[in-house]
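All values below come from the heavy atoms of this structure, side chains included, with hydrogens, waters and symmetry mates left out. Indexing begins at 1, ligand by ligand and atom by atom, following the structure's order.
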Amino acid sequence: MLEGRHVIEPGSLSVEELDRLFDLAEAIVRNPDDYMDACRGKILATLFFEPSTRTRLSFEAAMQRLGGTTLGFAEPNASSTSKGESLSDTIRTVSAYADVIAMRNPKEGAALLASQVSDVPVINAGDGGHHHPTQTLTDLMTIRSIKGKTGGLTIGLCGDLKFGRTVHSLAKAMARYPRNRFVLISPPELEIPDYIISRVFKPAGAQFSQVRRLEDAIGDLDILYMTRVQKERFFNEQDYVRLKDSYILDADKMRLARDDLTVLHPLPRVNEIATEVDADPRAAYFRQVKFGMYVRMALIAQLLGRGAAPKKGGGGR
Ligand code: NCD
């Protein structure tokens with residue numbers, strides 16, 4: 001059971017716990033009305049010290065669809081941090097008001113710190129360039145639903161592999177399943193951090209290769225995970241401008257890909273996928289958004305101990 005636990009990085013949940021979570025998310029997709037009161041009377045706090053539209057709204061929609069309510073802030077200036085309050089004090093205070101906290105913070109390690117002082121479960125909604133576990137839950141559920149499996153896949157990770165936290169979390173999660181192969185497609189300046197290679201791929205025995213041109217790799221892939229160049233993590237504008245359009249997936253490149261390729265993107269997209277690709281049945285990034293809400297519903301329900309299937313014919317839980 002996940003009741004009362006914190007979710008800080010992909011390893012916070014075992015592979016078996018993930019399976020149970022996805023089973024619940026699929027049950028919610030099939031019968032959403034059965035869960036519309038699952039979290040009645042419970043409060044989710046969304047503390048976003050860094051901008052977000054999708055992730056914050058996804059959490060809030062998830063809680064409201066479970067019958068719960070939400071409170072919080074969408075930018076740091078709206079919190080007492082702007083008066084100089086420490087993160088620990090903010091979390092201690094909010095954990096007195098809410099039953100579960102989803103937090104995004106620009107500092108790596110902020111979510112772990114929050115979990116150490118919070119009385120209620122903390123969900124990391126992104127800590128700097130480090131991790132973004134609920135995006136990974138979204139990605140895994142999308143892969144499981146479309147491919148019918150999470151192992152034995154060739155996964156291309158393309159774009160900003162250095163700063164992209166969704167990439168770091170997905171690599172860590174997919175390396176836990178057998179026979180996954182990774183193709184790392186990036187310019188030299190945006191290569192995946194060494195620790196992912198030495199502490200994730202190598203211990204897991206996962207095969208990986210590094211490629212510069214998307215055209216050279218796309219034909220081998222089961223999954224192509226495109227990412228945005230993370231402007232906000234660059235130290236100077238010139239480097240960003242030089243690297244931002246390193247990869248653009250368009251209809252020409254899609255012609256080199258297999259019919260059963262699945263294209264994912266955590267969104268927001270800037271230029272890295274041409275809009276002409278959206279109509280291609282292999283483009284799954286908008287379906288991914290919907291999976292994200294359902295998997296967050298399942299996660300919140302389980303963290304609050306409200307993930308049990310409703311009793312048949314019984315009326316209420
Ligand atoms: C991602 C993030 O915040 O890391 N977005 C998201 O959560 N859907 C990806 C990004 O910002 O590029």
Heavy atoms only: which of H265, E232, R228 lies closest to atom 10 (C) of ligand 1? R228

Just checking F73 against F48, ring centres under 6.0 Å apart? no

Does the side chain of I223 come within less than 4.5 Å of L261's, by heavy atoms? no

Flag T55 as yes when one of its N or O atoms lies below 3.5 Å from any N or O atom of ligand 1, and as no otherwise. yes

Heavy atom of G126 under 4.0 Å from ligand 1? no

Please determine whether any non-hydrogen atom of P268 lies less than 4.0 Å from an atom of ligand 1. yes

What's the shortest distance from atom 7 (O) of ligand 1 to any protein heavy atom, and which residue and atom give it? H132 NE2, 2.6 Å

Under 4.0 Å from a heavy atom of Q135: which atoms of ligand 1 are those, numbered in the order shown and with their elements? 6 (C), 7 (O), 8 (N)

List the closest protein heavy-atom neighbour of atom 4 (O) of ligand 1: residue, atom name, distance to the nearest 0.1 Å. R165 NE, 2.8 Å

Suppose we screen for side chain to side chain contact (heavy atoms under 4.5 Å, CB included). Which residues come up paired with K244, at least two apart in sequence or across chains? Y240

Other hydrophobic cluster members with F235, side-chain heavy atoms of Ile/Leu/Val/Met/Phe/Trp/Tyr under 4.5 Å, chained? none

Please say whether the positively charged group of R296, taken as NZ for Lys or CZ for Arg, lies over the ring of F59, i.e. under 6.0 angstrom from the six-membered ring centre and within 45 degrees of the axis. yes

Proximity to ligand 1 by part of L267, non-hydrogen separation under 4.0 Å: backbone

How about CG on D194, more than 12 heavy atoms from neighbouring residues, nucleotides or ligands closer than 6.0 Å, or not? no

